[in-house]
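I have placed the structure first, in the form of structure tokens, so that the comments after it can refer back to it.
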There are 2 protein chains.
Amino acid sequence: MTAQGRVTIREVAERAGVSVATVSRVLSGNYPVPQATRTRVLRAARALDYVANAHARALVGGGRKTVAVVLRQVTSPFYAQVAEGVEAEAATHGWLCLVGTTGGDPQRELEFVQLMREEGARLVILVGGVVEDDAYRERVAHYAQALASAGARLVLCGRPAPDPDIPALVVEFDNEAGARAITGHLLSAGHRRIVFLGGLPGNTALDARVRGYRAALAGHGLPPEAAHVVDCGLGRAAGLRAMTELLEERPEFTAVFAGDDMVAAGALRAIAEAGLRVPDDISVVGYNDIPLAEDFHPPLTTVRTPAEELGRAAVRIALRDPEQAAATHHLLGTHIVVRDSVAAPPPGRAHRPT
Amino acid sequence: MTAQGRVTIREVAERAGVSVATVSRVLSGNYPVPQATRTRVLRAARALDYVANAHARALVGGGRKTVAVVLRQVTSPFYAQVAEGVEAEAATHGWLCLVGTTGGDPQRELEFVQLMREEGARLVILVGGVVEDDAYRERVAHYAQALASAGARLVLCGRPAPDPDIPALVVEFDNEAGARAITGHLLSAGHRRIVFLGGLPGNTALDARVRGYRAALAGHGLPPEAAHVVDCGLGRAAGLRAMTELLEERPEFTAVFAGDDMVAAGALRAIAEAGLRVPDDISVVGYNDIPLAEDFHPPLTTVRTPAEELGRAAVRIALRDPEQAAATHHLLGTHIVVRDSVAAPPPGRAHRPT
DNA sequence: GTGAAAGCGCTAACAG
DNA sequence: CTGTTAGCGCTTTCAC
């Protein structure tokens with residue numbers, strides 16, 4: 001059994017001396033029931049500490065609405081904030097929130113989505129950039145179609161819809177604009193040799209940032225060769241390693257644009273270990289403005305992506321207008337938060353040609 | 001309906017030209033079925049993209065095992081790690097993991113536990129210290145009893161069992177020992193005026209740390225008045241505010257023991273804003289060793305509490321030996337990780353009497 | 001007003 | 001080997 005000694009509606013009915021139908025009516029509260037019986041039933045339920053069986057309820061149709069979030073990991077500050085946003089907004093609407101993590105494994109993602117179909121989730125939210133290959137497109141198209149045919153909806157947060165007529169709602173940040181802006185900030189400070197640390201070719205979020213970075217460079221009249229992208233991927237460890245190598249091999253840059261704040265953390269550490277100072281010797285900027293970015297040394301100038309708002313928006317939009325929401329694309333804005341990790345390049349190194 | 005167009009087992013049966021029982025049997029795989037029919041059924045299920053209805057399954061007994069974690073918030077690095085541990089261990093066992101957040105509100109905690117009872121969760125894990133008052137004790141006793149009578153189990157992570165014979169499993173860190181050790185570390189460096197920042201009277205985790213702090217002081221032959229506990233509560237903002245005030249009013253201390261790493265982050269910032277340096281002017285230690293603690297300025301010396309392991313242990317122990325596990329108390333060890341935020345007190349201030 | 005009864009989709013006897 | 005059937009706990013017509 002689902003639970004050995006669980007109290008059922010029948011026992012409540014017996015104790016209250018009414019039928020199960022009456023108990024159901026009282027508990028659902030969607031049907032007029034005279035005050036007298038009402039209290040009798042309530043008292044019985046209270047006494048037995050009765051809780052309804054959610055599965056039975058779901059089976060017959062009145063189930064609790066469920067939203068599922070799928071992320072790579074909850075320990076990433078950024079993902080955690082998105083999850084919190086989803087959870088908070090879901091709670092607001094009285095929905096239940098399921099969280100699943102995949103560790104970045106497409107197989108586990110698939111299993112989890114399958115599981116959510118079984119559980120009857122009405123909303124499945126996939127969070128985070130991915131490498132967008134054919135396998136991905138096919139997989140997501142399948143999710144969307146399967147979910148849709150069961151009356152559920154798919155939301156992609158920060159990852160692209162594989163096909164415009166796939167019934168999926170896309171909500172993401174304007175990565176390209178954000179990257180363009182922060183690169184512009186570096187440019188304005190006088191930097192010309194800026195390396196982008198943390199590329200991840202195929203990953204849509206990172207690719208967009210790289211695009212924005214290149215666009216800003218070009219917009220400033222710099223030649224395409226001025227761009228220097230290091231494809232080390234994300235994470236503090238990657239940033240630390242890549243920056244260390246870069247410092248040894250080709251230190252002819254004055255600023256670093258890290259793919260996200262964790263990469264920036266690693267880069268900062270590498271620079272410190274090399275005996276250099278930020279921002280005096282090298283300027284560094286990040287992306288996302290995670291909660292502890294201002295506790296880095298020095299406090300990090302970065303792009304603020306309101307992650308919790310992303311999560312909230314995802315469920316809000318999906319719930320607000322189901323029909324219209326499908327197959328639409330929502331872009332959330334970002335802005336720069338200036339702290340202490342950017343300064344003018346050191347005198348001898350500014351404007352130095354390639 | 002639970003979902004408009006959801007494919008049911010009956011449709012699969014029809015398409016495969018067998019009975020629903022047969023379909024159920026091949027899908028469950030717990031009953032011998034000849035290869036021929038087996039493939040026919042599988043093919044039909046595949047073609048229809050059938051997924052079983054988890055609620056119907058749960059209703060009849062074969063439901064998926066579910067574990068629920070309840071935490072204050074997922075954006076706290078520490079809680080996030082615990083949640084990740086629970087999720088990972090649950091996934092290992094093929095269990096589903098539900099995450100609920102309360103924002104610290106007992107009312108929401110109660111609602112969530114109720115919800116988990118409805119959902120038929122077999123394991124409910126409450127994470128994080130709380131203020132232990134009569135209301136709390138009563139509430140938890142009720143959870144435990146209700147869960148137990150439904151064949152489910154309650155696990156308290158980092159919070160005390162209200163009563164030894166309440167059927168709840170307790171798994172937590174030895175806060176007192178950890179606090180004693182790190183205070184000892186400060187003492188060994190020569191500090192005698194150490195303030196504990198982040199007390200939260202009634203909160204069992206913090207109270208234990210304060211006890212460890214006092215014990216270490218006493219063990220070093222210092223009088224009880226040497227202890228100075230600032231009850232500012234947890235969080236970066238609290239640490240920042242409290243430290244700022246402290247620096248203005250009573251700067252006669254040489255080291256700070258922050259209740260956790262977030263408080264330490266705030267304290268560090270306050271000290272920097274006051275124009276003082278860590279560890280030259282003031283030493284600072286934290287608690288928990290969150291992932292970014294080494295990116296603070298300076299890298300923070302702190303107590304490592306393996307949070308993910310706490311989460312894993314909670315489910316592992318609960319699952320391993322249900323009978324024995326109930327009403328037992330498990331203490332997980334911690335250790336100091338030394339980084340750069342502690343030094344000897346500045347010459348003029350060491351050993352200065354009260 | 002309230003009860004009896006028909007399922008929701010599935011599994012597990014129990015027959016055949 | 002496979003089909004029939006009886007529920008799991010609940011909501012919801014449909015009668016009384």
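Throughout, a chain's letter reflects where its sequence line sits, starting with A, and its residues are numbered from 1.
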### Query
Looking at five pairs on each end of the helix from C/dG1-D/dC16 to C/dG16-D/dC1, what is the angle between the two axes, given to 10 degrees?
40°
### Query
Do the charged groups of B/R64 and B/E119 touch, with an N to O distance under 4.0 Å?
no
#### Entry: Derivation of the side-chain hydrogen bond (donor to acceptor under 3.5 Å, both in side chains) call for B/E89 and B/H93
CA-CA 7 Å; B/E89 188 69 24; B/H93 296 263; 3.0 Å; yes
What protein N or O atoms touch nucleotides 10-13 of chain C N or O atoms at under 3.5 angstrom, if any, and at what distances?
{"residue": "C/dC10", "atom": "OP1", "partner": "B/Y50", "partner atom": "OH", "Å": "2.4"}
{"residue": "C/dC10", "atom": "OP1", "partner": "B/N53", "partner atom": "N", "Å": "3.2"}
{"residue": "C/dC10", "atom": "OP2", "partner": "B/I9", "partner atom": "N", "Å": "2.3"}
{"residue": "C/dT11", "atom": "OP1", "partner": "B/R57", "partner atom": "NE", "Å": "2.6"}
{"residue": "C/dT11", "atom": "OP1", "partner": "B/R57", "partner atom": "NH2", "Å": "3.3"}
{"residue": "C/dT11", "atom": "OP2", "partner": "B/S24", "partner atom": "OG", "Å": "2.9"}

### Message
Check this for me, if you would: do A/D49 and B/R117 make a salt bridge, where the nitrogen-to-carboxylate-oxygen distance has to be below 4.0 angstrom?
### Response
yes
### Task
Please state whether the phosphate of C/dG3, meaning OP1 or OP2, lies under 4.0 angstrom from any side-chain nitrogen or oxygen of A/T22.
yes
#### Entry: Proximity to the side chain of A/Y31 - top-ranked nucleotide from C/dT2, D/dT2, C/dG3
C/dT2
#### Entry: A/H329/A/E172 under side-chain hydrogen bond (donor to acceptor under 3.5 Å, both in side chains): CA gap, chis, key distance, verdict
CA-CA 8 Å; A/H329 197 127; A/E172 58 180 338; 2.8 Å; yes
### Task
Quickly work out the B/E14 CD to D/dT2 P distance and round it to whole Å.
18 Å
### Query
Is atom CD of B/Q114 surrounded by more than 12 heavy atoms (other residues, nucleotides or ligands) closer than 6.0 Å?
yes
#### Entry: Distance-only polar pair, side chains of B/E132 and B/T204, donor-acceptor under 3.5 Å
no
### Message
Keeping B/S149 on the side-chain end and B/A146 on the backbone end, is there a donor-acceptor pair under 3.5 Å?
### Response
yes
### Message
Rounded to whole Å, please give me the gap between CG in A/L48 and P in D/dG9.
### Response
14 Å
### Query
A/L59 has an atom CG; how far is it from atom C1' of D/dT12, in whole Å?
14 Å
### Query
Which is it for A/E11 and A/Y50 under the side-chain hydrogen bond (donor to acceptor under 3.5 Å, both in side chains) test, yes or no, and what are the steps along the way?
CA-CA 9 Å; A/E11 299 170 56; A/Y50 169 77; over 6 Å; no
### Message
Using whole Å, what does the distance between atom P of nucleotide D/dG9 and atom CD of A/E11 come to?
### Response
9 Å
### Task
Let me know the distance between CZ of A/R40 and C1' of C/dT2, rounded to the nearest Å.
11 Å
#### Entry: Options D/dG9, D/dT2, C/dT2, nucleotide nearest the side-chain atoms of B/T37
D/dT2
#### Entry: A/T101/B/E87 under side-chain hydrogen bond (donor to acceptor under 3.5 Å, both in side chains): CA gap, chis, key distance, verdict
CA-CA 8 Å; A/T101 61; B/E87 211 273 344; 2.6 Å; yes
### Summary
Here the distance between atom C1' of D/dC10 and atom CD of B/E118, to the nearest Å, is 12 Å
